[in-house]
Amino acid sequence: SFLSLSDSSWDAAYERELQTFQDIGDAGEIWFGEESMVRIIRWLEKHKVPLDSSVLDIGTGNGVLLVELAKSGYMNLTGIDYSPSAIQLAEKIREKEGMSNITLKVEDFLAPSAELSGFDICIDKGTFDAVSLNPDDAAGKRQQYVGSLCRVLKPGGFFLITSCNWTKEELLNEFREGFEILEELPTPKFCFGGRIGNSVTALVFQRK
């Protein structure tokens, strides 16, 4: 699975996308597919989350989710990624789309800079998964992640996570310190050997 890639291969993957984008103007791979973006935007709209809410996309990759949020009217958008190639690609896509209300930064979420704080909404599609697969002290890294999330998200703020590695129960356990579950979002079911299961879990937490 792509999520077990090391940092350097992530960077290489984004460099390839950057090249492809420069060659043919294509936004490249959207890791979790269109439907996960639609699910997030629908939830924000259904709950009438104000358009000027500050939104942080953790591990933004090529930044396509932020572009879609901007198209839906959201005005205060930030994307971070520890891969400089990803942020470079996201900047090119943002420029091409003419989106001035998206801020992009190279940041390591496990050690966020001081100015990364006070967000109303944090969104994660696959970054917690990637952190969890770090061969070097994954449990410690997950704890760091939860600590960072508590620092950057306002009390009462929402955290929307899409994971293809963790079940609902496991995620509830991981985020029990400081967060409560609001709802589980419907995700596509798959059928394998007559058993129905979910390949993707999408949850909304609220920061206590």
Side-chain angles (χ1 to χ4, degrees), residues 1-15 17 29-32 36 40 54-63 65-66 78-90 103-155 157-182 184-185 187 198-208:
S1 133
F2 67 82
L3 287 173
S4 53
L5 293 176
S6 67
D7 294 10
S8 55
S9 26
W10 270 111
D11 233 12
Y14 284 120
E15 264 162 34
E17 279 198 27
E29 180 98 50
I30 300 171
W31 292 128
F32 275 83
S36 76
I40 289 163
S54 53
V55 178
L56 176 65
D57 187 18
I58 301 164
T60 195
N62 57 23
L65 171 63
L66 294 172
T78 302
I80 59 167
D81 204 290
Y82 66 64
S83 161
S85 307
I87 292 297
Q88 227 185 321
L89 176 61
T103 303
L104 297 162
K105 296 176 183 174
V106 177
E107 283 261 6
D108 175 3
F109 189 66
L110 300 185
S113 61
E115 69 261 25
L116 211 65
S117 69
F119 286 94
D120 299 307
I121 313 275
C122 287
I123 299 172
D124 179 324
K125 300 188 326 306
T127 299
F128 185 71
D129 286 355
V131 165
S132 311
L133 289 168
N134 191 309
D136 178 32
D137 185 24
K141 297 267 192 308
R142 294 202 302 271
Q143 242 175 332
Q144 270 176 285
Y145 181 103
V146 176
S148 295
L149 189 60
C150 285
R151 277 207 300 285
V152 305
L153 185 61
K154 278 181 187 163
F158 300 117
F159 173 53
L160 287 78
I161 181 168
T162 305
S163 167
C164 62
N165 283 16
W166 298 92
T167 64
K168 177 184 175 181
E169 286 64 35
E170 288 168 332
L171 288 171
L172 289 181
N173 184 46
E174 291 291 329
F175 291 94
R176 66 189 183 280
E177 297 291 322
F179 296 90
E180 53 196 353
I181 176 116
L182 280 187
E184 181 172 13
L185 303 181
T187 57
N198 274 35
S199 52
V200 176
T201 304
L203 302 178
V204 181
F205 286 95
Q206 189 164 22
R207 166 116 150 68
K208 289 177 191 163

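Because the structure is predicted, anything quoted here is derived from the model rather than measured. Heavy-atom basis, side chains included; hydrogens, waters and symmetry copies ignored.
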For the residue pair [X] and [Y], establish whether any side-chain heavy-atom pair is separated by less than 4.5 Å.
{"X": "Asp124", "Y": "Leu160", "result": "no"}
{"X": "Lys125", "Y": "Ile40", "result": "yes"}
{"X": "Ile58", "Y": "Leu149", "result": "yes"}
{"X": "Asn165", "Y": "Leu133", "result": "yes"}
{"X": "Phe159", "Y": "Ile121", "result": "no"}
{"X": "Val55", "Y": "Thr78", "result": "no"}

SG (Cys122) and CD1 (Ile80) are apart, to the nearest 0.5 Å, by 8.0 Å

One should read off an interatomic distance between Ser36 OG and Leu185 CG, to the nearest 0.5 angstrom, of 10.5 Å

Strictly by salt bridge (Lys or Arg N to Asp or Glu O under 4.0 Å), give each pair with a member in residues 130-153 just once, sequence neighbours left out.
Asp136-Lys141, Arg142-Glu174

Sequence neighbours left out, what passes side chain to side chain contact (heavy atoms under 4.5 Å, CB included) with [X]? Give chain and number order.
{"X": "Lys154", "result": "Asp120"}
{"X": "Asn173", "result": "Arg176"}
{"X": "Glu115", "result": "Lys105, Ser113"}
{"X": "Gln143", "result": "none"}

Kindly give the heavy-atom pair with the smallest separation between [X] and [Y], and that separation in Å.
{"X": "Gly118", "Y": "Ser54", "value": "O-OG, 3.4 Å"}
{"X": "Leu182", "Y": "Gln206", "value": "CD2-OE1, 3.7 Å"}
{"X": "Val131", "Y": "Tyr145", "value": "CG2-CD1, 4.3 Å"}
{"X": "Ser148", "Y": "Phe109", "value": "OG-O, 2.7 Å"}
{"X": "Asp57", "Y": "Thr60", "value": "OD2-OG1, 2.7 Å"}
{"X": "Ala138", "Y": "Asn134", "value": "CB-O, 3.4 Å"}

Side chain to side chain contact (heavy atoms under 4.5 Å, CB included) for Leu104 and Leu66? Distances and angles first, verdict last.
CA-CA 10 Å; Leu104 297 162; Leu66 294 172; 3.9 Å; yes

Heavy-atom donor-acceptor pair, Arg207 side chain to Leu153 backbone, under 3.5 Å
yes

Within the side chain of Asp81, is there an N or O that forms a donor-acceptor pair under 3.5 Å with the backbone of Gly61?
yes

Which residues pass the ring pair (Phe, Tyr, Trp, His ring centres under 6.0 Å) test with Phe158, sequence neighbours left out?
Trp43

Out of Leu171, Thr187, Thr162, which one pairs with Leu203 under the side-chain contact (heavy atoms from CB on, under 4.5 Å) rule?
Leu171

Distance-only donor-acceptor check, side chains Trp166 and Ser132, under 3.5 Å
yes

Between Phe128 and Phe175, does a ring-ring contact (aromatic ring centres under 6.0 Å, His included) hold up when you go through it step by step?
CA-CA 11 Å; Phe128 185 71; Phe175 291 94; 5.0 Å; yes

